[in-house]
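Sequence lines set the chain letters: A, B, ... in the order given, protein chains first and strands last, and positions in each chain run from 1.
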2 protein chains.
Amino acid sequence: MSVLNPIAGTSLANEAFGKLVEAITSGEFEPGEKLSEADLARKLGISRGPLREALGRLEGRLVTRTPRLGVRVIQFSKDDLEHLFLVREALEGMAARLAAEVITDSELRSLGDLLRQHANRPALAAGQAYRQHSHDDDFHFAIVHASRSERIERLLLDEVYYQLRIHRLRSSTRPGRAKAAWHEHAAILAAMEQRDPDGAEIAMRRHIRNARLSATAALDGEGRPNQ
Amino acid sequence: MSVLNPIAGTSLANEAFGKLVEAITSGEFEPGEKLSEADLARKLGISRGPLREALGRLEGRLVTRTPRLGVRVIQFSKDDLEHLFLVREALEGMAARLAAEVITDSELRSLGDLLRQHANRPALAAGQAYRQHSHDDDFHFAIVHASRSERIERLLLDEVYYQLRIHRLRSSTRPGRAKAAWHEHAAILAAMEQRDPDGAEIAMRRHIRNARLSATAALDGEGRPNQ
DNA sequence: TGATAGCAAACTGTTGACAGTTGACCAACG
DNA sequence: CGTTGGTCAACTGTCAACAGTTTGCTATCA
């Protein structure tokens with residue numbers, strides 16, 4: 001194990017990109033909010049050139065750019081959100097299928113531990129909320145990671161998870177959904193333990209479909225979607 | 001119907017982006033080839049600033065950038081290609097499901113006409129090749145379009161179709177695959193005509209899976225994948 | 001002959017200046 | 001009072017210059 005690894009090269013544009021992703025997904029800006037290049041560049045201590053490059057890389061994902069008018073944080077309609085969940089269903093269903101074929105015993109144990117931790121959360125026990133705070137404790141991300149498909153993982157991050165995060169910030173929960181979601185996770189894990197690709201995919205897709213229905217119902221009423 | 005529509009705003013970076021996509025996907029550059037900013041900017045008649053922005057938007061899709069070393073057209077391994085097909089299977093399967101629910105009679109007729117045109121091609125009749133030259137005569141794209149999911153359509157274009165196009169340029173065909181592909185298309189259409197979402201998804205996914213197997217088998221031997 | 005050092009050209013990444021556009025505000029007019 | 005026109009500051013998009021890095025070539029040395 002050599003300590004001589006390539007010196008990681010980076011650029012101001014790359015660093016700005018990461019910080020913008022974090023700022024946008026952590027709620028520093030409202031959906032639809034206009035972003036000022038001059039302001040952001042000043043705050044990041046760089047010139048506008050690399051800042052523009054970083055914003056360009058976020059186009060279509062976390063920001064929309066209208067030529068000559070500027071850049072806004074994305075916001076989307078109920079219809080957009082439905083289609084986001086359909087993409088998620090397709091990709092996570094495939095990831096679950098792949099994971100069921102290759103997952104290790106150790107990864108299965110970790111998933112089981114994770115669900116037990118989740119079950120011990122007061123909010124979940126009270127049926128109020130089922131929230132996963134970071135990738136490290138996200139059941140879905142663990143399964144996508146276990147699929148060993150970097151492409152699916154990257155797509156879900158870039159095109160689905162970051163966007164969902166923007167909309168999770170003001171949360172409400174629908175009655176009964178929290179516990180149901182946990183049980184659906186448990187059913188996915190059971191299929192994984194059986195190493196049953198079809199079952200895993202079916203269980204995962206059912207879970208995401210239910211999340212979609214919950215999210216769109218929440219939009220019809222009040223608040224924002226959760227899982 | 002007013003003739004007064006918003007004047008479409010654009011920018012040099014946007015125009016460069018489109019031209020780069022076209023140049024890269026039409027084979028003007030080899031996979032892995034290094035792209036020179038100065039050269040491209042000169043050819044496009046713009047300064048390096050907007051050119052860099054355009055390249056930045058292509059990162060992770062059609063080009064890879066290594067800081068301080070430059071930008072190269074993507075190339076990928078057999079494993080990458082397999083995962084690309086898995087993503088395609090998931091997304092096109094979902095698109096076929098959605099399309100089966102909402103497709104119009106007129107769209108069905110167009111699909112039927114398209115397959116008949118395809119059947120009349122000499123290369124297909126001889127079992128040599130089944131090639132679709134543009135989006136207009138692409139059966140898959142027509143179905144994705146009929147799904148009315150802009151998000152899936154955009155994802156497939158940005159993350160799948162452009163990348164496949166890079167690899168179609170030097171083609172070979174596997175015996176029997178051309179005719180089988182056409183029959184698989186016909187089966188997809190039949191499920192569409194039945195307006196059967198499950199059937200459409202199953203038929204589409206089977207077709208893409210077979211294309212994946214054909215592509216990876218081709219990589220094991222000689223040449224490049226086709227459908 | 002292979003390894004090392006030096007040099008210059010070409011390249012990438014960034015900056016700041018400039019031009020054109022936009023939006024906000026105010027005054028004038030009907 | 002609503003509309004129009006003018007002005008100005010702020011903004012976006014682009015350009016060219018500069019600094020630092022990389023690459024290729026040549027000369028020197030062991």
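Of the charged side-chain nitrogens involved, at least one lies within less than 4.0 Å of a carboxylate oxygen, so that Glu201(A) and Arg205(A) count as a salt-bridged pair. Between Lys43(B) and Asp39(B) there is a salt bridge, since at least one side-chain N of the basic residue sits less than 4.0 Å from a carboxylate O of the acidic one.
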Using a 4.0 Å heavy-atom cut-off, write out nucleotides 10-17 of chain C from 5' to 3' as B (base contacted by protein), S (sugar-phosphate only) or - (no contact).
-> -SBBBB-B

Full working for side-chain contact (heavy atoms from CB on, under 4.5 Å) between Ile74(A) and Phe76(A) | CA-CA 7 Å; Ile74(A) 56 163; Phe76(A) 38 76; 3.5 Å; yes

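Side chain to side chain, His207(A) and His185(A) meet the donor-acceptor criterion of an N or O pair below 3.5 Å. A donor atom on one side chain and an acceptor atom on the other are found under 3.5 Å apart for Arg151(A) and Gln163(B).
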